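Input: a single structure, listed below in structure tokens.
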Amino acid sequence: MNEVRSGIERPIWRQPWREQLRRSWRGALLASAAVGVLFLILSRFIAIGPNRTGSLPNSIFLVVKNHEVPPRGGFVAFHPGPNKYYPADSLFVKRLIGLPGDRITYVGHRFYINGKPTIAVTQDRAHDGQIMHPGPTGTLPACRYFVVAPNPWSYDSRYSDIGWVKCSQIIGVAHGLPR
């Protein structure tokens, strides 16, 4: 079936579609299987997630599933636990701004860390009209972190539903991918 001119076989991309499919379906199936197996292996170590709410500057994050905590100011990925808006095992990415030993205070709808104001300003009500209760205050104990996003409507440590993030909730460090 291959058309041969002057004893030289035409490249596959110059052959009719039907011939291309007949000759390459096995290779495509093998490549698809290899990509699937690679994805299964890598998904144990990394995750790629979109920022669906627009609460952070990056639209896509690469999460390294190493249960490590980034330095202050870095992005951390975690499961929020039971709350009224998202499944407990959802993937949240927020900026880590409070570390164990930091003193968290709340005055006039604003959270302070060690006496310095943060971007964490609370809303009285959520978009659906439900009352929002401020998160905990005090000194962050070992293995507890205060996380926020710059968006004023971000659902994070500033609200009691999320509160301080525990070590057991942390998935790993998140890296924002450029737009």
Side-chain angles (χ1 to χ4, degrees), residues 32 34-106 109-123 125-128 130 132-137 140-179:
S32 296
V35 167
V37 168
L38 181 63
F39 175 76
L40 285 173
I41 292 169
L42 287 178
S43 68
R44 294 184 54 80
F45 304 104
I46 63 170
I48 297 176
N51 178 8
R52 294 185 195 121
T53 64
S55 64
L56 292 169
N58 301 81
S59 55
I60 297 178
F61 284 88
L62 174 71
V63 177
V64 179
K65 297 180 179 180
N66 56 6
H67 303 285
E68 289 184 12
V69 177
R72 188 187 308 269
F75 291 112
V76 63
F78 63 97
H79 295 298
N83 66 82
K84 56 185 163 190
Y85 293 109
Y86 296 95
D89 63 347
S90 295
L91 176 69
F92 272 31
V93 174
K94 305 292 179 185
R95 194 170 294 280
L96 186 138
I97 64 169
L99 300 171
D102 287 347
R103 178 101 180 118
I104 310 297
T105 53
Y106 179 72
H109 291 277
R110 180 179 291 274
F111 279 93
Y112 294 78
I113 296 180
N114 299 325
K116 295 179 183 172
T118 68
I119 58 172
V121 177
T122 59
Q123 305 293 330
R125 294 187 179 272
H127 287 297
D128 65 359
Q130 290 192 46
M132 299 297 288
H133 301 286
T137 59
L140 285 166
C143 244
R144 297 289 191 280
Y145 302 92
F146 191 86
V147 299
V148 298
N151 188 307
W153 292 97
S154 179
Y155 195 44
D156 49 36
S157 290
R158 67 186 99 181
Y159 298 107
S160 61
D161 287 355
I162 303 299
W164 297 340
V165 175
K166 302 172 193 164
C167 286
S168 61
Q169 294 173 265
I170 293 177
I171 298 167
V173 178
H175 304 276
L177 300 178
R179 292 181 188 228

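Counting from 1, the numbers follow the sequence of the chain as shown. Model, not experiment: these values are computed from the prediction.
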Checklist outcome for this item: Per side chain to side chain contact (heavy atoms under 4.5 Å, CB included), His175 is matched among Val93, Ile46, Val64 by Val64

Next on the checklist: Could you go through Thr118 and Val148, starting from their C-alpha distance and side-chain angles, then the distance that decides it, and tell me whether this counts as side chain to side chain contact (heavy atoms under 4.5 Å, CB included)?
Outcome noted: CA-CA 9 Å; Thr118 68; Val148 298; 5.7 Å; no

Checklist entry - Out of curiosity, Leu96 CG to Phe146 CZ, how far, rounded to the nearest 0.5 Å? => result 10.5 Å

Item to check | Enclosure of Lys166 NZ (heavy-atom neighbours >12, cutoff 6.0 Å) | outcome: no

Item to check | Atom of Arg158, atom of Asn151 and distance for their closest heavy-atom approach | outcome: NH2-O, 3.4 Å

Checklist outcome for this item: When rounded to the nearest 0.5 Å, the distance separating CG of Leu140 from CG of Leu99 is 8.0 Å

Item to check | Heavy-atom closest pair, residues Gln123 and Tyr159 | outcome: N-OH, 2.7 Å

Checklist outcome for this item: Residues Pro136 and Gly163: closest non-hydrogen pair is CD-CA, 3.8 Å

Next on the checklist: Between Leu91 and Val63, is there a side-chain heavy-atom distance shorter than 4.5 Å?
Outcome noted: yes

Item to check | Donor-acceptor side-chain pairing of Tyr85 and Asp128 below 3.5 angstrom | outcome: yes

Next on the checklist: Counting the benzene-type ring for Trp, do Tyr86 and Phe92 have ring centres under 6.0 Å apart?
Outcome noted: yes

Checklist entry - Rounded to the nearest 0.5 Å, how far apart are OH of Tyr155 and NZ of Lys94? => result 10.5 Å

Checklist entry - How would you list all residue pairs meeting side chain to side chain donor-acceptor pair (under 3.5 Å) that involve residues 64-77, not counting sequence neighbours? => result Arg72-Asp102

Checklist entry - Looking at side-chain heavy atoms only, is the closest gap between Thr122 and Tyr106 below 4.5 Å? => result yes

Next on the checklist: Please give me the minimum heavy-atom distance between Val147 and Asp156, naming the atom from each residue.
Outcome noted: O-CB, 3.3 Å

Checklist entry - If you measure from CD1 on Ile162 to OG on Ser154, what distance do you get to the nearest 0.5 Å? => result 9.0 Å

Item to check | Non-neighbouring partners of Arg110 that pass salt bridge (Lys or Arg N to Asp or Glu O under 4.0 Å), sequence neighbours left out | outcome: none

Checklist entry - What are the two closest heavy atoms between Trp164 and Ser157, and how far apart are they? => result CA-OG, 4.2 Å

Item to check | Distance (rounded to the nearest 0.5 Å) between Phe111 CZ and Ile104 CD1 | outcome: 8.0 Å

Item to check | Distance (rounded to the nearest 0.5 Å) between Phe75 CZ and Arg95 CZ | outcome: 3.5 Å

Next on the checklist: Any non-hydrogen side-chain atom of Pro70 less than 4.5 Å from a side-chain atom of Val76?
Outcome noted: yes

Checklist outcome for this item: In short, Pro150 meets Ile119 closest at the heavy-atom pair CA-CD1, 3.5 Å

